[in-house]
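All remarks here apply to the structure that follows.
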Protein chains: 2
Amino acid sequence: MAAQRGQRNGVGVTPPAPTAAEITTPIPRVTEVPAARERARAIPEAAVARLAVYLRVLSGMQEHGSGTVSSEELAAAAGVNSAKLRKDLSYIGSYGTRGVGYEVAVLIEEIERILGLTRKHSVAVVGIGNLGHALANYGGFPGRGFPVTALFDVDPDLVGVPVGGLPVGHIDDIARVCAEREVSIGVIATPPPAAQAVCDRLVSAGVQCILNFAPVVLQVPDHVEVRKVDLAVELQVLSFHVARRADNAAVLAEANGRAANGRAVDGMVVS
Amino acid sequence: MAAQRGQRNGVGVTPPAPTAAEITTPIPRVTEVPAARERARAIPEAAVARLAVYLRVLSGMQEHGSGTVSSEELAAAAGVNSAKLRKDLSYIGSYGTRGVGYEVAVLIEEIERILGLTRKHSVAVVGIGNLGHALANYGGFPGRGFPVTALFDVDPDLVGVPVGGLPVGHIDDIARVCAEREVSIGVIATPPPAAQAVCDRLVSAGVQCILNFAPVVLQVPDHVEVRKVDLAVELQVLSFHVARRADNAAVLAEANGRAANGRAVDGMVVS
DNA sequence: CTGACTTTGTGCACACGTTCACAAGCGGTA
DNA sequence: TACCGCTTGTGAACGTGTGCACAAAGTCAG
């Protein structure tokens, strides 16, 4: 991350003495050449996702007029514990003031920089069914720096029809249109059977990041990043918790009913 | 998990000699009462999500006519490595045959049982905007045992209008309707400001599992399970990867250009 | 029945992520 | 200036999840 910082914030932001932190982190990996890559990768995926959450909470605070926050406050608002929050923030640098807290504006700027939100990322949505419609009309995307600049479908009846103010293009034009409009993120909202083919087209059109809503495991080359949102899986995980809860209730009830004294359940299982 | 199995598969399926596996797992936890709970919880969240994926792949294989799969095949189709797959399956029991593989039908049955899919889970969707419409019309839910049985919105113009064959109810009726229709999963697709209030209503209506699409951190009591799907976060994580890639390319290019011999980049950073 | 071959199930080591606890550092106050 | 209280930043312990590698256990051929 030191390398990143060195690359881009040449002016402004008062670079705050990058001293001890740098030395301690990736040195143990001795005699390894791609140390520069290590550094950029040094921020855990889970932390990245949380940074996005912090960013939204901070935006809300800024609109509300807060100038500074403590890790405790911010953590509460984001639904995590404060130690984790501080560690997450430490991955991107030391922008807090001890005894005071963090300046909201500074944090927002830094998180946006790390997440690459200083530049806009054009989004293409492929598959204009129910979900595709919803995505095309969703205000949260352009509002956060992700303008939807292209829509595609196979259905000839849909091609040319404007959805969310943007005419639907035909799937065969993916390569050309994506190149023209510099699409950097492709969203797949097609039926499952079409997903892999669409994915291949996006990849060969140069799109390197894909958000996949189709319940399919996509095969992509190494340099392409895929994130999957699977509604059925989410529901099934919830279903598991319902079942677990029911089972626990049953087991506990049985245990209580059977013998009120000590570890009866344990004994039962072992025998 | 032994307790679970004991509870419900009394008939059929030829219970395959639960011997050594049982003994090795939770014994180290000495003299602890809630061992029964431990067992049900013993299956990691990450594994549960993957089980849902395996289930879908298996369903596809069954339709395709496959009778058995090896861990290698199934793992490839699900996009994980075979060791992880076997470990995941071992959490639910030993249903494979060494030297042969797993019987597709058996695995499907067992995974469905563990995920609690033997019983239907009614779903209520709150917030019939773009996304709510899409969810109400989404065929993947009822097809997988999650019938959408109630829709709600605040907008009086929407109340009574049928969406996806189901009339929209008013938010004030959540408690009554959810109880009537035995809703076990609530889906929140409202604008952010309304989400917490809707959540509170669902909880007080007895709903214990919530799938939240609103970009808000919900506050719920301990016994309620929340899963969050946040499209903005997904995009921002992708954006981070775009930025990281760009940075790496820049750093590596610089490193190569500056000095072809050894760790020039490291030196630069430390000094 | 034996032996060769295949694939599962899992002990073990490792890596990653989370949490704790505390020194370091800053602002305010006397 | 010296002290005090507060909050950050982070080493270190811990727990969880992942991947390897192999023994156990089955099938099949001869």
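These numbers come from a predicted model, not from an experiment. Numbered from 1 within each chain, the chains take letters A, B, ... in sequence-line order.
Each of A:Ala83 and B:Gly99 has a nearest nucleotide on DNA chain C; the 5'-most of these lies closest to B:Gly99.
Between B:Leu89 atom CG and C:dG9 atom P the separation is 8 Å, expressed in whole Å. Atom CG of A:Leu85 is separated from atom P of D:dG9 by 10 Å (rounded to the nearest Å). Between the CD atom of A:Glu73 and the C1' atom of D:dT8 there is a distance of 14 Å, given to the nearest Å. The CD atom of A:Glu110 sits 12 Å away from the P atom of D:dG9 (whole-angstrom rounding). Between the C1' atom of C:dG9 and the CG atom of B:Leu107 lies a distance of 14 Å, rounded to the nearest Å. The separation between A:Tyr91 atom OH and D:dG11 atom P is 12 Å, rounded to whole Å. Atom CD of A:Glu72 is separated from atom P of C:dA21 by 14 Å (rounded to the nearest Å). Here the P atom of nucleotide D:dG26 and the OH atom of B:Tyr95 are 16 Å apart, to the nearest Å.
Of the possible polar contacts, one joining the A:Ser239 side chain to the B:Leu115 backbone as a donor-acceptor pair under 3.5 Å is found. At least one donor-acceptor pair closer than 3.5 Å links the side chain of A:Ser59 to the backbone N or O of A:Leu55. Side-chain N or O atoms of A:Gln196 include one that pairs as donor or acceptor with a backbone N or O of A:Gln219 at under 3.5 Å.
Contact annotation: B:Arg86 does not reach the phosphate of D:dT18 (side-chain N/O to OP1 or OP2, under 4.0 Å). One finds no side-chain N or O of A:Ser71 lying less than 4.0 angstrom from the OP1 or OP2 phosphate oxygen of D:dT7.
Of all nucleotides listed (C:dG17, D:dG9, C:dG9), D:dG9 comes nearest to the side chain of A:Tyr102. Nearest to the side chain of A:Asn81, among D:dT8, C:dT19, D:dG26, sits C:dT19. Proximity note for B:Val100 (side chain, C-beta onward) versus D:dT27, D:dT8, C:dT8: the nearest is D:dT27.
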**Message:** Quick one, B:His241 with A:Glu45, criterion side-chain hydrogen bond (donor to acceptor under 3.5 Å, both in side chains). Give me CA distance, side-chain angles, the key distance, then yes/no.
**Reply:** CA-CA 10 Å; B:His241 287 292; A:Glu45 183 95 2; 3.2 Å; yes
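With hydrogens and angles left out, the side chain of B:Lys87 and the base of D:dG19 share a donor-acceptor pair within 3.5 Å. One donor-acceptor pair, N or O on each side, does fall under 3.5 Å between the base of D:dT8 and the side chain of A:Arg98.
When the options A:Leu107, A:Val106, A:Ile108 are evaluated for a side chain to side chain contact (heavy atoms under 4.5 Å, CB included) with A:Val104, the one that passes is A:Ile108.
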